Trainee: 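Mind having a look at this structure? Questions to follow.
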Amino acid sequence: MKFGGTSVGDAECIRRAADIVVRTARERPVVVVVSAMSGVTNRLVAAAQAATTGQPNVASELSASLREQHTAAAKVLVANQDHQSALVNDLERIINEVASLCQGISLLRELTPRAHATVSSIGERLSARLMTATLGELDLSSRAVEATDVIVTDDQYLQAEPLMKDVRQRAQAVLQPLLEEGVTPVVTGFIGATVDGVLTTLGRGGSDYSATTLGAALDADEIVIWTDVDGVLTADPRLVPTARLLREISYNEAAELAYFGAKVLHPKTLRPVVESKIPVWIRNSFAPENLGTRITAVGHPTEHGVRAITAIPNVSMITIGGRGIVGVVGVAAKTFQAVASVRANVLLISQSSSENDICLIVESADAPATLKALRAAFAADLVHHDVEHITVNADIAIVAVVGEKMRGTPGIAGRTFSALGRSGINIIAIAQGSSEYNVSFVVDAKSMRDAVAVVHDEFKLHEVSSPAQNALHDQG
Ligand code: ASP
Ligand code: MG
């Protein structure tokens with residue numbers, strides 16, 4: 001069971017989460033993975049960055065705010081005086097550690113990826129202790145476990161990849177014995193360590209990924225991601241008020257939705273479970289009576305194929321165009337080399353067969369650096385007019401139509417674009433991955449809301465969908 005930042009956001013939330021753990025742990029063994037209390041990781045990262053400018057009060061302000069939030073929670077959660085002061089001392093030790101780190105960064109005026117990872121990991125180290133103590137208070141035997149002892153990763157300190165074979169070994173050695181003794185381990189999410197023990201992080205929002213990594217390593221029966229929403233919806237309810245909760249979706253659909261901006265899951269979350277087919281639940285820790293969304297290998301494919309619509313604002317379209325690029329070998333290679341050199345994440349690519357232009361979409365935050373890199377890469381071509389222009393349009397949004405069963409179901413793109421056409425929504429670019437799990441298109445930012453609503457309506461996603469014929473077979 002993984003609890004996200006809002007699910008452990010304050011004493012009351014931690015208590016609610018602990019109740020959920022206790023109820024389950026009485027019946028079968030549970031491993032708990034916790035995020036930092038909400039807002040903490042952002043504050044840690046901001047402090048680390050502020051320290052590089054040599055601001056004098058960063059360390060003291062950070063430790064005061066961490067102390068206030070965590071110590072206050074500790075006092076509410078743990079009544080037993082001895083236990084409470086042991087917990088507070090433990091928290092204090094970690095808070096002092098991060099204060100010294102910030103002082104070190106201010107002196108050096110430099111933030112290395114390793115130091116950045118270490119500072120940002122503090123939130124999980126604190127919340128894991130609060131959760132462990134709370135479980136103890138509820139008479140459940142539990143132990144805080146540092147993920148650095150279990151999740152072995154490569155050395156990309158801020159975006160580390162777990163090394164599954166090693167994780168499996170460590171999980172068997174560290175977690176399995178606790179489970180066998182009836183002790184509930186509470187593992188810090190988000191964090192790992194290299195084979196040499198140097199701390200790494202799995203990337204922002206990475207606790208989901210920690211949970212599935214551990215679940216796969218332990219051959220768990222199921223993995224539950226507890227969060228603050230009821231599950232995955234057919235669309236963002238702020239865009240489409242009739243959006244409906246999906247009871248079951250496939251790994252591919254969930255991954256596609258995560259990638260395309262539905263912020264329920266970290267995009268890498270489902271990778272570790274694809275092979276073992278462990279079901280992953282998304283459930284609301286504030287409404288545990290609701291069942292949530294179950295994510296499985298098969299999902300629940302429906303006749304019309306489309307399951308959900310998602311939209312990504314705050315993206316920019318960069319177009320490299322000109323007659324000169326027609327038939328010239330290597331333009332695409334040069335383009336993507338330039339994009340990769342600034343580590344921009346490309347969300348969508350489209351090239352028309354006339355080859356008059358290539359367009360790609362990146363997050364708007366990455367656009368200026370990407371544009372600069374492209375202009376440098378094509379500097380000579382721009383002079384000789386082989387490439388006539390490189391332009392950027394920040395006033396756009398991507399809309400993605402997602403569904404596993406879209407694959408091999410003809411007419412989905414046709415219906416999508418006809419419906420948009422009837423509503424007078426102009427489509428700027430279109431892309432479909434050959435996986436066929438999604439059809440994405442680009443519209444003006446101001447048309448995004450209408451585009452999502454129109455497609456949601458066209459495929460009647462507000463209605464409970466009838467399962468596809470072969471899905472009935474799949475599900476026996
Ligand atoms: N605390 C980390 C973050 O905010 C990891 C997580 O919450 O999943 O990015
Ligand atoms: Mg999260």
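Worth saying up front: this structure is predicted, and the values here are computed from it rather than measured. Residue numbers start at 1 and run along the sequence shown. Values reported hereafter were calculated over all heavy atoms of this structure, with side chains retained and with hydrogens, waters and symmetry mates removed.
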Trainee: Around Arg415, counting heavy atoms of other residues, nucleotides and ligands shown, do more than 12 lie under 6.0 Å from its CZ?
Mentor: yes
Trainee: Output all residues satisfying side chain to side chain contact (heavy atoms under 4.5 Å, CB included) with Glu110, sequence neighbours left out; order by chain, then residue number.
Mentor: Leu108, Thr112
Trainee: Between Ser120 (side chain) and Thr41 (backbone), is there a donor-acceptor pair under 3.5 Å?
Mentor: no
Trainee: What are the two closest heavy atoms between Ala217 and Met164, and how far apart are they?
Mentor: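 Residues Ala217 and Met164, closest heavy atoms: N-CE, 3.7 Å.
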Trainee: Do Asp444 and Ser447 have side-chain heavy atoms sitting under 4.5 Å apart?
Mentor: yes
Trainee: Per the ring-ring contact (aromatic ring centres under 6.0 Å, His included) rule, what does the pair list look like for residues 367-400, sequence neighbours excluded?
Mentor: none
Trainee: Using every non-hydrogen atom in the two residues, find where Ala47 and Leu62 come nearest and quote the distance to one decimal.
Mentor: CB-CD2, 3.9 Å
Trainee: Which heavy-atom pair separates Ala344 from Val362 by the least distance, and what is that distance?
Mentor: CB-CG1, 4.2 Å
Trainee: Would the distance check show the side chain of Thr194 and the main-chain N or O of Val198 forming a donor-acceptor pair, the cut-off being under 3.5 Å?
Mentor: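 Yes, the answer is positive, given that a donor and an acceptor are paired below the 3.5 Å cut-off.
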Trainee: I'd like to know if the side chain of Thr188 and the backbone of Ala147 have a donor-acceptor N/O pair within less than 3.5 Å.
Mentor: yes
Trainee: Taking all non-hydrogen atoms of both residues, which atom of Thr293 and which atom of Val232 are closest, and how far apart?
Mentor: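 Looking at all heavy atoms of both residues, the closest pair is OG1-N, 2.8 Å.
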Trainee: According to the ring-ring contact (aromatic ring centres under 6.0 Å, His included) rule, which pairs have a member within residues 407-427, sequence neighbours left out?
Mentor: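 Qualifying pairs, neighbours excluded: Phe417-Phe441.
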Trainee: If the condition is side chain to side chain contact (heavy atoms under 4.5 Å, CB included), which residues does Asn290 pass it with, not counting sequence neighbours?
Mentor: Asp230, Ala287
Trainee: Examine distances only and state if a side-chain atom of Arg449 and a backbone atom of Arg238 form a donor-acceptor pair shorter than 3.5 Å.
Mentor: yes
Trainee: If you compare all heavy atoms of Leu270 against all heavy atoms of Ala254, which two are closest, and at what distance to 0.1 Å?
Mentor: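 Closest pair (atom of Leu270, atom of Ala254, distance): CD1-CB, 3.3 Å.
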Trainee: Given 3.5 Å as the limit, does a donor-acceptor pair link the side chain of Glu27 with the main chain of Thr24, or not?
Mentor: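 Checking the backbone N and O of Thr24 against the side chain of Glu27, no donor-acceptor pair under 3.5 Å is found.
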Trainee: Only one of Ile278, Val274, Val280 forms a side chain to side chain contact (heavy atoms under 4.5 Å, CB included) with Thr212, so which one is it?
Mentor: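 That would be Val280; it is the only one of Ile278, Val274, Val280 passing the side chain to side chain contact (heavy atoms under 4.5 Å, CB included) with Thr212.
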Trainee: So, the side chain of Ser250 versus the backbone of Glu253: is there a donor-acceptor pair under 3.5 Å, distance only?
Mentor: yes
Trainee: Considering non-hydrogen atoms only, spot the tightest contact between Ala311 and Pro313 and give its length.
Mentor: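 What the structure gives for the nearest pair is O-CD, 3.7 Å.
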Trainee: Please enumerate all residues that pass side chain to side chain donor-acceptor pair (under 3.5 Å) together with Asp366, with sequence neighbours excluded.
Mentor: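 Scan of Asp366 (side chain to side chain donor-acceptor pair (under 3.5 Å), adjacent residues dropped) gives none.
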Trainee: I would like to know whether Thr416 and Glu458 meet side chain to side chain donor-acceptor pair (under 3.5 Å); could you show each step before the answer?
Mentor: CA-CA 7 Å; Thr416 303; Glu458 172 65 26; over 6 Å; no
Trainee: Inspect the surroundings of CD in Glu12 and state if more than 12 heavy atoms from other residues, nucleotides or ligands are less than 6.0 Å away.
Mentor: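 Check fails, neighbour count at 12 or below.
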Trainee: Taking Ser121 for the side chain and Ile191 for the main chain, is one N or O donor matched with an acceptor at less than 3.5 Å?
Mentor: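 It does not hold such a pair.
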Trainee: If you measure only the distance, is there a donor-acceptor pair under 3.5 Å linking the side chains of Gln69 and Arg43?
Mentor: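 Present: a donor and an acceptor within the cut-off.
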Trainee: First locate atom CG of Leu348, then atom CG of Leu360, and finally report the distance between them rounded to the nearest 0.5 Å.
Mentor: 9.0 Å
Trainee: Among Lys460, Arg244, His456, His462, which residue meets the side chain to side chain donor-acceptor pair (under 3.5 Å) test with Thr234?
Mentor: His456
Trainee: Are the side chain of Ser210 and the backbone N or O of Gly206 linked by a donor-acceptor pair below 3.5 Å?
Mentor: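 Side chain of Ser210 to backbone of Gly206: a pair is present.
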Trainee: Would you mind telling me which of His266, Glu161, Lys268 makes a side chain to side chain donor-acceptor pair (under 3.5 Å) with Tyr209?
Mentor: Glu161
Trainee: Would Asn42 and Arg204 count as a side-chain contact (heavy atoms from CB on, under 4.5 Å) if you check the C-alpha gap in whole Å, the side-chain angles of each, and the deciding distance to 0.1 Å?
Mentor: CA-CA 9 Å; Asn42 284 345; Arg204 291 305 308 271; 2.9 Å; yes
Trainee: Do any N or O atoms from the side chain of Arg168 and from the backbone of Ala216 form a donor-acceptor pair under 3.5 angstrom?
Mentor: yes
Trainee: Ignoring hydrogens and angles, tell me if any N or O in the side chain of Arg307 forms a donor-acceptor pair with the backbone of Met406 under 3.5 Å.
Mentor: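 Checking the backbone N and O of Met406 against the side chain of Arg307, no donor-acceptor pair under 3.5 Å is found.
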Trainee: For Pro288, enumerate each residue passing the side chain to side chain contact (heavy atoms under 4.5 Å, CB included) test, keeping only those at least two apart in sequence or located in another chain.
Mentor: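 Pro288 satisfies side chain to side chain contact (heavy atoms under 4.5 Å, CB included) with Ile20, Arg23, Trp226 once adjacent residues are dropped.
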